[in-house]
Amino acid sequence: MFLLYEYDIFWAFLIISSLIPILAFLISGILAPISKGPEKLSSYESGIEPIGDAWLQFRIRYYMFALIFVVFDVETVFLYPWAMSFDVLGVSVFLEAFLFVLILIVGSVYAWRKGALEWS
């Protein structure tokens, strides 16, 4: 027999945490003032009248550097707990962490060889 009643607190938390954002959106939709006009539809540029088009196209290089930064930032998030408990975990976890770092290094070398890290 399954003891599902042990999960009552989980279901209550799930329902409450789902209802709070839904209620927040509903209440803000009801109470928010509705005013449409040319001033509301213009882009905001620190109080200065916007000049030209608001649509700018960024070079893909910015996104590539940001993506590589995020990958290595997440790598440190994964490796820090491993490094703190290295003596307890053993050799098998060391090999898994080594494989994880090796895959990231291979990906970095691939991006470097393809010229994704060239700024010019």
| task | Take W82 and F94 through the test side-chain contact (heavy atoms from CB on, under 4.5 Å) and record every step on the way to the result. | result | CA-CA 8 Å; W82 169 80; F94 173 75; 3.6 Å; yes

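With hydrophobic clusters built from ILVMFWY side chains whose heavy atoms lie under 4.5 angstrom apart, F98 does not share a cluster with M84. Under the 4.5 Å side-chain heavy-atom criterion for ILVMFWY residues, no single connected hydrophobic cluster contains both L102 and V93. Residues V91 and V101 share a hydrophobic cluster, clusters being chains of Ile/Leu/Val/Met/Phe/Trp/Tyr side chains in contact below 4.5 Å. With hydrophobic clusters built from ILVMFWY side chains whose heavy atoms lie under 4.5 angstrom apart, I103 does not share a cluster with V74.
Separating the CG atom in L79 from the CZ atom in F72 is a distance of 10.5 Å, to the nearest 0.5 Å. Taking CD1 of I16 as the start and CH2 of W11 as the end, the distance is 14.0 Å to the nearest 0.5 Å. Remark: L99 CG to L104 CG distance equals 10.0 Å, nearest 0.5 Å. A distance of 14.0 Å separates OH of Y7 from CG of L14, quoted to the nearest 0.5 Å. Note: L23 CG to S28 OG = 10.5 Å, rounded to the nearest 0.5 Å. One finds the CD1 atom of I27 at 12.0 Å from the CD1 atom of I22 (value rounded to the nearest 0.5 Å).
Take D73 and apply the side-chain contact (heavy atoms from CB on, under 4.5 Å) test, not counting sequence neighbours, and it matches F69, T76. Taking Y63 as the reference, F58, I60 meet the side-chain contact (heavy atoms from CB on, under 4.5 Å) condition, with sequence neighbours excluded.
Looking at every heavy atom in both residues, S18 comes nearest to P21 through O-CD, 3.5 Å.
More than 12 heavy atoms of other residues, nucleotides or ligands shown are found within 6.0 angstrom of CG on L31. Other residues, nucleotides and ligands contribute over 12 non-hydrogen atoms within 6.0 Å of the CZ atom of F65.
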